[in-house]
Each structure stands twice: as C-alpha cells, then as structure tokens.
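Notes follow once the structure below has been shown.
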Amino acid sequence: MTTPQNWQKSSFSGGGDGNNCVELASIPGTIHLRESDEPSIQLVTTPTSFSHLLRCVRLGRV
C-alpha cells in the first residue's frame with residue numbers, strides 16, 4: 001500500500017500543532033485517515049464510501 005505524503009488536519013482540530021486531531025490524505029482511488037497521536041495506524045477507504053459516511057453523519061444517521 002502506498003502511504004500519502006501530504007496530510008490535512010481537520011478544521012475541527014483547532015489551530016495548534018498538538019496531537020489531538022484527525023488527519024486526511026488522498027491518493028488516486030483511496031482516502032487515508034489517521035489520528036495525529038498514532039500516525040502509523042491508518043484507516044483506508046474509497047472516496048465513494050467516505051462520501052457516503054460523511055453524508056450519513058451530516059444527516060444524523062450514525
């Protein structure tokens with residue numbers, strides 16, 4: 001598996017550089033999620049599945 005190099009911090013994580021945030025990165029065909037305090041552990045999914053999860057969260061279904 002290819003590990004992305006450019007991670008984005010969640011806008012809900014605040015402005016500091018602390019280890020209390022969710023980070024997201026994408027490479028063609030996959031979305032990678034990790035917590036900044038455990039960067040070696042990643043959740044990998046497809047853009048379609050991730051979009052579905054976000055839509056359900058916004059609608060309060062999860």
Side-chain angles (χ1 to χ4, degrees):
M1 170 177 34
T2 304
T3 300
Q5 299 298 315
N6 298 315
W7 292 87
Q8 293 180 304
K9 185 189 297 188
S10 168
S11 61
F12 291 102
S13 297
D17 289 330
N19 288 335
N20 191 18
C21 61
V22 174
E23 298 174 326
L24 177 131
S26 66
I27 57 174
T30 61
I31 302 290
H32 296 249
L33 298 156
R34 69 181 184 184
E35 289 190 48
S36 56
D37 61 345
E38 289 289 341
S40 63
I41 301 172
Q42 298 177 21
L43 171 68
V44 181
T45 188
T46 65
T48 301
S49 294
F50 188 61
S51 176
H52 180 72
L53 172 66
L54 292 178
R55 187 170 35 258
C56 288
V57 168
R58 287 183 187 127
L59 294 172
R61 294 184 182 161
V62 291

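The structure displayed is predicted, hence computed values, not measured ones.
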What is the distance from atom NE2 of His32 to atom OG1 of Thr45, rounded to the nearest 0.5 Å?
10.0 Å
Any sub-3.5 Å donor-acceptor pair from Thr30's side-chain atoms to Val44's backbone N or O?
no
Distance check, rounded to the nearest 0.5 Å: Thr46 atom OG1 versus His52 atom NE2?
10.5 Å
How many angstroms lie between atom CG of Leu43 and atom CZ of Arg34, to the nearest 0.5 angstrom?
13.0 Å
Looking at every heavy atom in both Gly29 and Pro47, which two are closest together, and how far apart are they?
O-CD, 3.4 Å
Approximate separation, where rounding is to 0.5 Å, of Asn6 CG and Ile27 CD1:
11.5 Å
Does Leu33 belong to the same Ile/Leu/Val/Met/Phe/Trp/Tyr cluster as Leu54, with side-chain heavy atoms less than 4.5 Å apart forming each link?
yes
